[in-house]
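Report on the structure given below.
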Amino acid sequence: MRKSIYVSAYALAALFLSSCTTGKQLANEAVETQPSVREYSVQSVMWQQNAGEYRALCYQAFNTAKFRLDQFLENKDLDGQKLAIVTDIDETVLDNSPYNAKLIEIDEEYTSEGWKDWTDRAEAKAIPGAEDFLNYAASKGVEVFYVTNRNVEEMNSTLDNLKKVNFPFSDDKHILLRSNNSAKRDRFNKVAEEYTILLFMGDNLGDFTSDFMIPSTEERNKLTDDLKEHFGYDYIVLPNPMYGDWETHGIYQENYNMTDKEKDEVRKASLRTYE
């Protein structure tokens, strides 16, 4: 009788341990199947921070900009005019990849509070080739206007950062931040009222014309094709695989209410494969 009791006790213990193990396995599987918020961006941030090819593309962009600037300055019709270059800041002349690496580390999406914490540090490094080119333009009497979608509350930290990396025209006259509209058309027009703009530089197509502020990958690509003669002529594009309107306006079609799982599905659905 006592042996039977022992056997039953062992059986119950084994069953309990088995159920606990199964519960843990199910919990672990649930965790494993939950997609990481920022895992998808690891490759792009890693590439920007490590690839010589990224640096080469940046140098190529600024070499092209210098070549085009010299060509423009040979035009005698421009004599006596006030000349300018309009450039974006983030991922065009300043490298914010540490912020995107931090998002991966803490596995969180972009927030305005987190972004401001980063810009308040004024620690972004210059994009390869940016300092040399911008100072070359200044030496030729061409003013540089930084038209950025940083918020007006970020003016002081932005000024500090531009000064740290030795960019010319690091003053509040030459920095045009966003007030309530991310489209840059009005700020471009403000510069054009007084200056002849020779070059636009950016990592995002909205840095060239606000016509790209449309929620469709197909339409954005079609407009890119329509404007193909501008690229390398008066539009200079810097590489940025980490984020941009190609994602928010294009892939996500301005749907800011999607869950992380839905975003993951949309990203994968946008891929082209073969049978």
Side-chain angles (χ1 to χ4, degrees), residues 41 44-66 84-104 110-138 142-178 182 184 187-188 191 199-208 235-248:
S41 68
S44 59
V45 177
M46 183 173 60
W47 182 80
Q48 181 155 324
Q49 292 188 336
N50 294 279
E53 289 81 355
Y54 167 75
R55 302 180 69 83
L57 287 170
C58 294
Y59 288 127
Q60 178 174 270
F62 288 117
N63 286 342
T64 301
K66 182 177 181 293
I85 288 170
V86 167
T87 181
D88 176 53
I89 291 181
D90 300 309
E91 288 16 281
T92 299
V93 293
L94 286 183
D95 173 12
N96 298 288
S97 62
Y99 170 71
N100 290 275
K102 175 61 70 175
L103 293 180
I104 294 169
Y110 166 93
T111 63
S112 55
E113 295 79 14
W115 169 254
K116 190 172 185 301
D117 176 70
W118 161 248
T119 58
D120 281 349
R121 297 166 182 263
E123 295 176 357
K125 304 299 183 185
I127 295 289
E131 179 186 351
D132 287 346
F133 172 71
L134 295 178
N135 283 291
Y136 177 78
V142 179
E143 296 187 36
V144 179
F145 285 86
Y146 304 91
V147 181
T148 172
N149 277 338
R150 292 187 176 199
N151 290 316
V152 292
E153 294 82 4
E154 298 173 84
M155 174 62 85
N156 291 336
S157 58
T158 300
L159 279 170
D160 289 345
N161 207 153
L162 296 184
K163 290 175 181 176
K164 282 183 181 179
V165 293
N166 194 35
F167 285 173
F169 303 104
S170 297
D171 56 65
D172 54 10
K173 174 191 173 183
H174 289 85
I175 300 177
L176 284 70
L177 298 103
R178 180 181 67 182
S182 60
K184 296 184 174 182
R187 285 171 283 168
F188 293 160
V191 176
L199 292 171
F200 290 86
M201 302 195 304
D203 66 294
N204 191 64
L205 292 174
D207 297 328
F208 307 105
Y235 292 174
I236 305 298
V237 184
L238 277 294
N240 174 14
M242 299 188 299
Y243 64 89
D245 287 348
W246 63 269
E247 183 180 31
T248 54

How close do I85 and A137 get, heavy atom to heavy atom, and via which atoms?
CD1-CB, 3.7 Å

Please round to the nearest 0.5 Å and tell me the distance separating atom CG of D160 and atom CD of E154.
12.5 Å

Between M201 and A65 the two heavy atoms that sit nearest each other are SD-CB, 4.2 Å

Below 4.5 Å, heavy atoms only, C-beta onward: do N100 and Y243 meet side chain to side chain?
yes

Would you call R121-D117 a salt bridge at under 4.0 Å N-O?
yes

Nearest heavy-atom approach of N96 to A124 is OD1-CB, 3.8 Å

Non-hydrogen side-chain atoms of N240 and Q48 separated by less than 4.5 Å
yes

Close side-chain approach of I175 and R150, heavy atoms under 4.5 Å
no

Just so I know, are the side chains of I127 and Y54 near enough to count as touching, which here means a heavy-atom distance under 4.5 Å?
yes

Heavy atoms, side chains only, cut-off 4.5 Å: are F133 and I236 in contact?
no

Distance check, rounded to the nearest 0.5 Å: N149 atom CG versus D245 atom CG?
8.5 Å

Working to the nearest 0.5 angstrom, can you tell me the gap between K116 NZ and T111 OG1?
12.0 Å

Smallest heavy-atom separation, P241 atom then W47 atom, equals CG-CE3, 3.7 Å

Answer yes or no: is there a side-chain heavy-atom contact under 4.5 Å between D90 and W115?
yes

Decide yes or no for T119 and E153: does some side-chain heavy atom of the first lie under 4.5 Å from some side-chain heavy atom of the second?
no

Quick one: pull up OG1 in T158 and CG in D172 and give me the separation to the nearest 0.5 Å.
12.0 Å

Could you go step by step and tell me if N135 and N166 meet the side chain to side chain contact (heavy atoms under 4.5 Å, CB included) rule?
CA-CA 8 Å; N135 283 291; N166 194 35; 4.1 Å; yes

State, yes or no, whether a side-chain contact exists between I104 and V45 at a heavy-atom distance under 4.5 Å.
yes

Working for side chain to side chain contact (heavy atoms under 4.5 Å, CB included), residues Y146 and L134
CA-CA 11 Å; Y146 304 91; L134 295 178; 3.9 Å; yes

Reported CG-to-CG distance for the pair L57 and L238, which is rounded to 0.5 angstrom
9.0 Å

S97 and Q49: side chain donor to acceptor below 3.5 Å
yes

Determine the minimum heavy-atom distance between E123 and N161, stating which atoms define it.
N-OD1, 3.5 Å

Neighbour count >12 (heavy atoms, 6.0 Å) for atom CZ, R178:
yes

Could you tell me the separation between the OH atom of Y235 and the CG atom of L205, rounded to the nearest 0.5 Å?
10.0 Å

Given L94 and V165, is the side chain to side chain contact (heavy atoms under 4.5 Å, CB included) satisfied, shown in steps?
CA-CA 9 Å; L94 286 183; V165 293; 4.0 Å; yes

One pair to check against side chain to side chain contact (heavy atoms under 4.5 Å, CB included): D203 and M242. What are the steps and the verdict?
CA-CA 11 Å; D203 66 294; M242 299 188 299; over 6 Å; no

Return the minimal non-hydrogen interatomic distance between W118 and D95, and the atom names on each side.
CZ2-O, 4.3 Å

Exactly one candidate in F145, F200, F208 meets ring-ring contact (aromatic ring centres under 6.0 Å, His included) with F188; the answer is F200

